[in-house]
Amino acid sequence: MHEMSIVESLLTAVFAEAERHGARRVRRVKLRVGKLQQIIPDSLQFCYDIATQGTPAEGSQLDLEEVPITARCRRCGQVFEVEEFLFLCPACHVADVETCTGNELILETLELEVV
Ligand SMILES: [Zn+2]
């Protein structure tokens, strides 16, 4: 499952950070995810709950912030939000665009319990 591999790499980063700070438990994790990653929030939560069982992150809160997909037209420079994966400039109606946001997969906040 796509979500499980994301959770696994997320937790690798989380545990590395927790160890660096000598934290005993992880309280909250906030993840910024671009819509291009095509994550299903419920699946992500489900995978997170499974993957954190028996770890210092068990029972911690997972917050998800979705980042919209935006692109910039190479002809007129307009930045627009991409809906339905339609990479078409609303002004020029060409697909000569570059993606600006939507690919994010960022561990934004991490709350640890340091004892
Ligand atoms: Zn344009």
Side-chain angles (χ1 to χ4, degrees):
M1 201 190 291
H2 177 51
E3 280 81 2
M4 189 48 104
S5 61
I6 286 174
V7 164
E8 277 168 2
S9 46
L10 171 69
L11 286 176
T12 303
V14 165
F15 292 144
E17 197 64 12
E19 199 176 302
R20 209 161 66 82
H21 292 278
R24 203 168 51 101
R25 290 197 62 79
V26 175
R27 246 190 236 146
R28 192 168 77 94
V29 173
K30 186 175 170 187
L31 186 65
R32 264 168 73 86
V33 181
K35 286 196 170 170
L36 278 172
Q37 301 283 350
Q38 300 193 50
I39 281 177
I40 301 162
D42 283 351
S43 299
L44 190 76
Q45 183 67 57
F46 180 74
C47 294
Y48 186 82
D49 290 344
I50 291 173
T52 51
Q53 270 174 30
T55 75
E58 186 172 353
S60 62
Q61 191 186 332
L62 176 66
D63 290 337
L64 193 62
E65 187 190 327
E66 285 189 294
V67 182
I69 306 167
T70 59
R72 189 158 52 91
C73 177
R74 285 201 182 95
R75 290 199 194 169
C76 71
Q78 183 170 335
V79 176
F80 56 96
E81 188 171 338
V82 176
E83 280 166 45
E84 314 280 325
F85 294 94
L86 202 64
F87 287 82
L88 216 57
C89 174
C92 318
H93 306 287
V94 293
D96 188 14
V97 300
E98 57 187 5
T99 306
C100 295
T101 64
N103 264 316
E104 293 79 359
L105 196 58
I106 302 165
L107 170 59
E108 191 171 75
T109 315
L110 181 59
E111 276 179 35
L112 301 169
E113 210 174 289
V114 184
V115 178

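Whatever order the structure lists them in is the order used to number ligands and atoms, beginning at 1.
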**Item:** Gln53 side chain to Asp49 side chain, donor-acceptor N/O pair below 3.5 angstrom
**Value:** no

**Prompt:** To the nearest 0.5 Å, how far apart are CD in Gln45 and CD1 in Ile39?
**Reply:** 12.0 Å

**Prompt:** Do NZ/NE/NH1/NH2 and the carboxylate oxygens of Glu111 and Arg28 come within less than 4.0 Å?
**Reply:** yes

**Request:** Taking the side chain as every heavy atom from C-beta outward, state whether Ile6 and Leu105 have any atom pair closer than 4.5 Å.
**Result:** yes

**Asked** Around the Zn ion (ligand 1), how many protein N, O or S atoms are closer than 2.8 Å?
**Response** 4

**Request:** Mind running side-chain contact (heavy atoms from CB on, under 4.5 Å) on Ile50 and Met4 for me, showing each step along the way?
**Result:** CA-CA 9 Å; Ile50 291 173; Met4 189 48 104; 4.2 Å; yes

**Request:** Decide, yes or no, whether a salt bridge links Glu108 with Arg32 under the criterion of side-chain N to carboxylate O below 4.0 Å.
**Result:** yes

